[in-house]
Amino acid sequence: QAFMHSLAGTLTVAVVMMLVGTCLTSEIATLLGANETYHRLVCDYLFWYSLFAVPSGMMTFLNNYCRNDGSPVLVSVASIVSTVINIFLDWLFVFPLQKGLMGAAVATGISQTCGMLIVSSHFFLRRGRLRVGRFRLSGALVRKLLLRGTPEAIAQFAVPVATLCTNYVLLARLGDMAVNAYSIICYVASFSAAVFIGVSCGLQPLFGQSYGARDAQDLKWYFRAGVLIDLIGSALINIVLLFVGGPICRMFGADAQTLACTVAYMPRYAWGFIIMSVNTLISAYLYSTKRTKQAVILNLCRSFLLDSVIIFAVPAVFGGNAVWLTMGIYEALALLRQYDMHASANSCYHFQIADASGRAVVVEYIGDTMNVVESPRATNFLLTPGDWDFGTGQDRFETLTAAMEAAEGILTEEEAMDLLEAVSQQPQPEKRSSTQWSCLYNQVRGTVDIAVAMDYDSLYHFAIDE
């Protein structure tokens with residue numbers, strides 16, 4: 001019954017999307033921010049891709065049910081075949097046949113149609129328990145399906161909302177060249193995201209199975225394995241892009257000027273893949289274990305609330321080039337908002353966050369609840385009001401307080417670094433910790449000076465615009 005209700009719902013939505021995409025093509029292109037240079041190109045791609053909305057939606061739908069109905073290998077085969085066909089047809093239609101974006105859209109649609117047909121064989125050949133047949137509409141079941149599917153549905157808006165907001169900022173602040181570079185970056189990002197989504201989709205049935213069997217040990221093992229895979233995978237992607245980003249971007253047909261722009265901006269954008277991979281996995285874990293509310297909050301922050309605010313606000317404060325950093329920033333804030341940060345060494349974290357206006361807060365977690373305390377300084381103990389008996393560094397906190405109050409909160413960069421040196425923890429035999437690094441941030445200029453291992457005579461300088 002759940003399968004047939006989902007099938008009917010997917011077909012209905014896909015048909016509506018096809019009609020909207022083909023009948024309101026120009027209006028949608030304008031809404032997405034396409035100017036005179038790109039309007040016709042966007043319309044071409046949108047119209048032809050919308051024609052394949054039904055097979056595209058059905059492939060996604062059938063993949064999920066086929067995987068959970070005992071045929072994950074068939075889903076993998078369909079995905080690989082679809083990808084290979086897409087790559088070949090992209091080359092065929094765009095270069096030899098010179099069909100441009102229309103050809104690229106048709107190539108994608110044909111490849112997804114082929115993938116859908118491969119996966120559908122599982123149901124038509126009756127290889128699993130699910131069958132296509134008559135069903136009686138149930139309002140209660142519809143509500144249950146909508147509730148369970150809401151987190152993932154919201155998550156799917158993350159890319160289009162971020163793309164829309166980023167294109168508006170790029171057109172307003174950096175021009176058409178940056179938009180061209182961003183289109184290539186989005187291609188690379190889509191391939192990277194496919195890896196993280198693949199890990200999450202592969203683990204989702206295992207999460208659900210372990211949760212249903214009340215096997216907490218396996219559930220934790222699968223989750224930790226997924227986090228490890230995503231962190232290693234995203235780090236490797238960053239390393240690859242750092243060293244061979246040029247040849248990869250060249251594969252997308254960029255001219256020399258666009259290529260240089262893309263290679264320069266790619267590392268600033270790609271670091272966000274690391275946090276995005278973890279958020280994607282956590283979302284799958286939450287909705288697979290019936291934590292729908294937490295999953296909805298996380299994906300709302302990622303898809304509508306934080307991403308749009310950060311994409312518009314950060315470039316307004318730090319300049320247009322800061323837009324490339326925003327994906328990682330809003331993914332990090334979504335993670336920070338939703339989860340207690342607790343170290344494997346059985347120690348909790350707290351974070352001091354400040355902005356260019358001079359406002360500073362300290363974010364702490366107590367009893368799995370996030371607390372935000374207004375404070376321009378922090379050391380290694382909790383600032384949240386209450387008798388927590390946790391942490392040390394009260395003497396260093398008093399030193400900070402006295403120095404900042406004496407200067408009325410205004411210090412030069414040299415004086416601020418001297419103050420950090422004065423409150424650093426020197427290594428002592430009876431203590432297990434010492435200062436590893438000191439960072440001095442200038443929120444107006446977007447710079448940071450770092451002293452490593454208490455070597456305050458040798459500072460490393462970094463800037464957002466450098």
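Since we're looking at a predicted model, the values are computed, not measured.
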Got a second to check how far Phe351's CZ is from Met370's CE, nearest 0.5 Å?
-> 11.0 Å

Any donor-acceptor N or O pair under 3.5 Å, side chains Gln443, Asp355 | no

Does Thr22 use its side chain to pair, donor to acceptor, with the backbone of Leu19 at less than 3.5 Å?
-> yes

Give a yes or no answer on whether the side chain of Ser56 reaches the backbone of Phe52 with a donor-acceptor pair at less than 3.5 Å.
-> no

Side-chain heavy atoms of Asn321 within contact of Arg268, under 4.5 Å | yes

pair Gln204-Gln209: side-chain heavy atoms closer than 4.5 Å | no

Distance-only, no hydrogens or angles: does the Ser120 side chain make a donor-acceptor pair with backbone N or O of Leu117 under 3.5 Å?
-> yes

Can you check whether Ala270's main-chain N or O pairs, donor with acceptor, with Asn238's side chain at less than 3.5 Å?
-> yes

Tyr49 and Gln112: side-chain donor and acceptor closer than 3.5 Å?
-> yes

Do Thr280 and Asp230 have side chains that get closer than 4.5 Å, going by heavy atoms?
-> no

Kindly determine whether Tyr182 and Tyr265 satisfy ring-ring contact (aromatic ring centres under 6.0 Å, His included), including the steps that lead there.
-> CA-CA 9 Å; Tyr182 181 59; Tyr265 294 143; over 10 Å; no

Starting at CG of Leu459, measure out to CG of Asp457 and round the result to the nearest 0.5 Å.
-> 8.0 Å

Does a donor on one side chain sit under 3.5 Å from an acceptor on the other, for Ser375 and Arg377?
-> no

First locate atom SG of Cys165, then atom OH of Tyr330, and finally report the distance between them rounded to the nearest 0.5 Å.
-> 9.0 Å

State, yes or no, whether a side-chain contact exists between Val278 and Leu231 at a heavy-atom distance under 4.5 Å.
-> yes

Are the side chain of Asn279 and the backbone of Glu331 linked by a donor-acceptor contact shorter than 3.5 Å?
-> yes

Output field: ring centroids Phe312/Tyr168 closer than 6.0 Å = no

Is the Tyr65 to Phe61 ring centre distance short of 6.0 Å?
-> yes

Does Ser210 reach the main-chain N or O of Phe207 with its side chain, forming a donor-acceptor pair under 3.5 Å?
-> no

Residue pair Asp455, Trp437: steps toward the side chain to side chain contact (heavy atoms under 4.5 Å, CB included) verdict | CA-CA 9 Å; Asp455 183 2; Trp437 58 78; over 6 Å; no

Under 3.5 Å: donor-acceptor pair, side chain of Gln352, backbone of Pro376 = yes

Do you know the tightest heavy-atom contact between Pro315 and Thr326?
-> CD-CG2, 4.3 Å

Output the distance between atom CD1 (Ile329) and atom CD1 (Ile310), rounded to the nearest 0.5 Å.
-> 6.5 Å

Mind listing the closest non-hydrogen atom pair of Leu74 and Arg127 along with its distance?
-> CD2-NH1, 4.3 Å

Check the pair Cys66 / Phe123 against side chain to side chain contact (heavy atoms under 4.5 Å, CB included), numbers first and verdict last.
-> CA-CA 8 Å; Cys66 183; Phe123 303 97; 4.2 Å; yes

Would you check, one step at a time, whether the test side chain to side chain contact (heavy atoms under 4.5 Å, CB included) holds for Met58 with Leu11?
-> CA-CA 7 Å; Met58 288 301 299; Leu11 282 173; 3.6 Å; yes

Give, for atom CG of Leu440 and atom CD of Glu414, the distance between the pair rounded to the nearest 0.5 Å.
-> 9.0 Å

Among Leu206, Thr289, Ile282, which one satisfies side chain to side chain contact (heavy atoms under 4.5 Å, CB included) with Phe223?
-> Ile282

Within 6.0 Å of CE in Met454, more than 12 heavy atoms from elsewhere | yes

Asn167 side chain to Thr163 backbone, donor-acceptor under 3.5 Å | yes

Is there a donor-acceptor pair closer than 3.5 Å between any side-chain N or O of Ser82 and the backbone N or O of Ser111?
-> yes

From Trp271 CH2 over to Trp324 CH2, what is the distance, rounded to the nearest 0.5 angstrom?
-> 15.0 Å

Establish, from distance only, whether the side-chain atoms of Thr447 and His461 form a donor-acceptor pair under 3.5 Å.
-> no

4.5 Å side-chain heavy-atom contact, Tyr456 and Asp449 = no

Which atom of Ser424 lies closest to which atom of Glu421, heavy atoms considered | OG-O, 2.7 Å

Answer whether the closest heavy-atom distance between the side chains of Leu241 and Phe243 falls below 4.5 Å.
-> no

Apply the test side chain to side chain contact (heavy atoms under 4.5 Å, CB included) to residues Phe196 and Ile237: give CA-CA distance (whole Å), side-chain angles for both, the deciding distance (0.1 Å), then the verdict.
-> CA-CA 11 Å; Phe196 313 139; Ile237 289 172; 4.0 Å; yes

Using a 4.5 Å cut-off on heavy atoms from C-beta on, say whether the side chain of Asp307 contacts that of Met327.
-> no

Can you check whether Ile28 reaches Phe47 side chain to side chain, under 4.5 Å on heavy atoms?
-> no

If you take all heavy atoms of Leu281 and Gly226, which pair is closest and at what distance?
-> CD2-C, 3.3 Å

Tightest non-hydrogen contact, residues Phe462 and Tyr460, listed as CE1-CB, 3.8 Å

Is a donor on one side and an acceptor on the other found under 3.5 Å between the side chain of Ser121 and the backbone of Ile118?
-> yes

Between Gly328 and Ile275, the two heavy atoms sitting closest are O-CD1, 3.8 Å

Side-chain donor-acceptor contact under 3.5 Å, Gln425 with Ser434 = no

